[in-house]
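Worksheet: the structure to be examined is printed underneath.
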Amino acid sequence: MEKIAFIINPFSAKKNYQPFLNELNTKVKNPLYYISESILGTDDFIQNHFTEVDIFVAIGGDGTISTVARNLINTEKILAIFPAGSGNGFSNETNFSKNLDELIEKLKTKKSRKIDTFTINGRLSINVSGTGFDGKVVKEFEKTTRGFKNYIKVSLKTFFSYKPKKVKFLDEKYKEYDGKYLMVNIANTRQFGNNAYIAPHASKSDGLVDMVLVKKFPITYSPLFAFRMFTKKLKDDNYITYLPVSEVEFKVNTKNWHIDGEFNKIKSPIHVKVQPSSLNILI
């Protein structure tokens, strides 16, 4: 375990990281770990230990994982995960559980594989990012104590007041999809988190992302939308369009985005670009 580093986000898992740390110290002799104080602090820790560490373990949610991952892009260093976020979409999609013994066994084998990532105006995303309704939900959600119940409450409250955003593609071949949308998602994997599958056919190793265009639908459609999302059955219909793309540019009349569940301000035009086989992940 001498070539493994553990990076802990102390604000994940309702700020209750101590049980994980206690268990880690019990099961791993003198573990190298860092309790992150900031994104910059995490970057510095990784760079300071880059030469002697083979595997960096992110302990947190999708935002924490993305922060660690951006330091490992296009290198042979390996990303591993102990999920401790509110949704854990990316860890669900890459088969990491909240079982430290299971993680330790994986760390011993050091088996890994390359997966895709993508950028939005140069900002790294590893899972699902978006704008529109869900970007607004993430902004409001960050004002709460998080948790699945609060996410549902914020989503319902936002839905009724939210006005669809205008999307205009810059590439002629996508012009037919110009229009107003409740939300626009860019999906490298299948789910937001909490087993909510916004792009059930997305693959993290095909050199493509699924661009998901969702028109505002009547409230009567909501139960069907929710049922399909949680049973991996969302598909193209009158309200949802899926566009598999490797690169795409468009304008949208909002700056509110979420990148892997973290709120961001991003100005149009938007340039999405897939980075094939760019991240080495433990299996």
Side-chain angles (χ1 to χ4, degrees), residues 62-63 65-79 89-90 92-94 112-132 134-135 165-179 181-193 196-215 229 232 234-237 239-255 257-262 264 266-281 283:
D62 285 352
I65 298 163
S66 187
T67 297
V68 175
R70 73 179 189 178
N71 289 276
L72 312 182
I73 293 296
N74 295 319
T75 74
E76 292 306 308
K77 302 299 180 180
I78 300 170
L79 172 70
F90 187 74
N92 289 344
E93 290 293 286
T94 48
S112 65
R113 72 182 182 99
K114 298 276 190 178
I115 64 169
D116 303 335
T117 61
F118 67 99
T119 57
I120 301 175
N121 287 11
R123 303 186 197 198
L124 178 71
S125 179
I126 57 174
N127 195 51
V128 179
S129 297
T131 188
D134 54 326
K165 300 304 178 188
K166 292 179 182 177
V167 174
K168 185 177 182 181
F169 288 90
L170 302 185
D171 192 320
E172 199 63 39
K173 67 180 177 180
Y174 297 120
K175 282 293 184 183
E176 64 181 288
Y177 302 106
D178 287 357
Y181 293 97
L182 177 69
M183 56 186 184
V184 176
N185 283 290
I186 314 297
N188 186 44
T189 76
R190 300 175 300 168
Q191 64 169 294
F192 288 126
Y197 292 86
I198 188 63
H201 299 295
S203 167
K204 53 191 174 293
S205 56
D206 62 355
L208 301 169
V209 287
D210 275 7
M211 188 171 187
V212 190
L213 304 170
V214 182
K215 293 179 180 177
M229 185 163 64
K232 309 177 190 176
L234 278 180
K235 58 184 179 180
D236 283 277
D237 63 14
Y239 302 108
I240 305 173
T241 300
Y242 287 94
L243 296 178
V245 298
S246 59
E247 187 171 6
V248 67
E249 287 187 277
F250 59 94
K251 292 181 179 179
V252 60
N253 63 331
T254 178
K255 296 177 186 175
W257 280 76
H258 74 85
I259 295 185
D260 297 327
E262 302 291 325
N264 278 255
I266 306 178
K267 292 181 180 179
S268 284
I270 302 299
H271 180 209
V272 175
K273 185 173 175 60
V274 175
Q275 302 180 119
S277 303
S278 55
L279 180 62
N280 210 13
I281 194 156
I283 57 173

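The model shown is predicted, which means the values in this text are computed figures rather than measured ones.
- Below 30°, between 30° and 60°, or above 60°: for F169 and Y177 the angle between ring planes is above 60°, a perpendicular geometry.
- More than 12 heavy atoms of other residues, nucleotides or ligands lie within 6.0 Å of NZ in K175, so this atom counts as buried by the packing criterion.
- Residues I270 and I120 have side chains in contact (heavy-atom distance under 4.5 Å, counting atoms from C-beta outward).
- When all heavy atoms are compared, the tightest approach of N188 to L208 is OD1-O, 4.3 Å.
- At least one side-chain heavy atom of L279 sits less than 4.5 Å from a side-chain heavy atom of L72.
- Counting only distance, with no hydrogens or angles, the side chain of S125 and the backbone of F118 share no donor-acceptor pair below 3.5 Å.
- Using modelled atom types, no side-chain atom of N185 and backbone atom of A187 make a donor-acceptor pair closer than 3.5 Å.
- Across S129 and I259, no two heavy atoms sit closer than the pair OG-CA, 3.2 Å.
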> What's the verdict on side-chain contact (heavy atoms from CB on, under 4.5 Å) for I240 and V212, showing C-alpha distance, side-chain angles and the deciding distance?
Replying inline: CA-CA 7 Å; I240 305 173; V212 190; 4.1 Å; yes

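- What you find for V167 and F250 is that their closest heavy atoms are CG1-CD1, 4.1 Å.
- Side-chain atoms of S278 and N74 form no donor-acceptor pair, as typed in the model, at a separation below 3.5 Å.
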>> Determine whether I65 and D260 satisfy the following criterion, side-chain contact (heavy atoms from CB on, under 4.5 Å), listing intermediate values before the conclusion.
In response: CA-CA 9 Å; I65 298 163; D260 297 327; over 6 Å; no

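- Taking 4.0 Å as the cut-off between side-chain N and carboxylate O, K273 and E249 do not count as a salt-bridged pair.
- Among all heavy-atom pairs drawn from N121 and P269, the shortest one is ND2-O, 3.2 Å.
- Pairing each heavy atom of N127 with each of Q191, the nearest pair is ND2-O, 3.0 Å.
- In this structure, the side chains of Y174 and M211 stay at 4.5 Å or more apart for every pair of heavy atoms.
- T117 has its side chain out of reach of R70: every pair of non-hydrogen atoms, C-beta onward, lies at least 4.5 Å apart.
- Counting heavy atoms from C-beta outward, T75 and N280 have side chains that stay 4.5 Å or more apart.
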> side-chain contact (heavy atoms from CB on, under 4.5 Å) between F90 and S66: does it pass, once the steps are laid out?
Replying inline: CA-CA 9 Å; F90 187 74; S66 187; over 6 Å; no

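- Taken from CZ in R113 to NZ in K204, the straight-line distance is 5.0 Å, to the nearest 0.5 Å.
- The minimum heavy-atom distance between Y181 and G179, with the atom names listed, is CD1-O, 3.6 Å.
- Remark: side-chain polar atoms of N253 are paired, donor with acceptor, to backbone N or O of K166 under 3.5 angstrom.
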> Could you go step by step and tell me if V68 and L79 meet the side-chain contact (heavy atoms from CB on, under 4.5 Å) rule?
Replying inline: CA-CA 8 Å; V68 175; L79 172 70; 3.8 Å; yes

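- The side-chain heavy atoms of M229 and F192, taken from C-beta on, include a pair separated by under 4.5 Å.
- Of the inter-residue distances, the one linking I198 atom CD1 with Y242 atom OH reads 5.5 Å to the nearest 0.5 angstrom.
- For K114, the NZ atom counts as densely surrounded, since its 6.0 Å shell holds more than 12 non-hydrogen atoms of other residues, nucleotides or ligands.
- Between K232 and H201 there is no side-chain heavy-atom pair separated by less than 4.5 Å.
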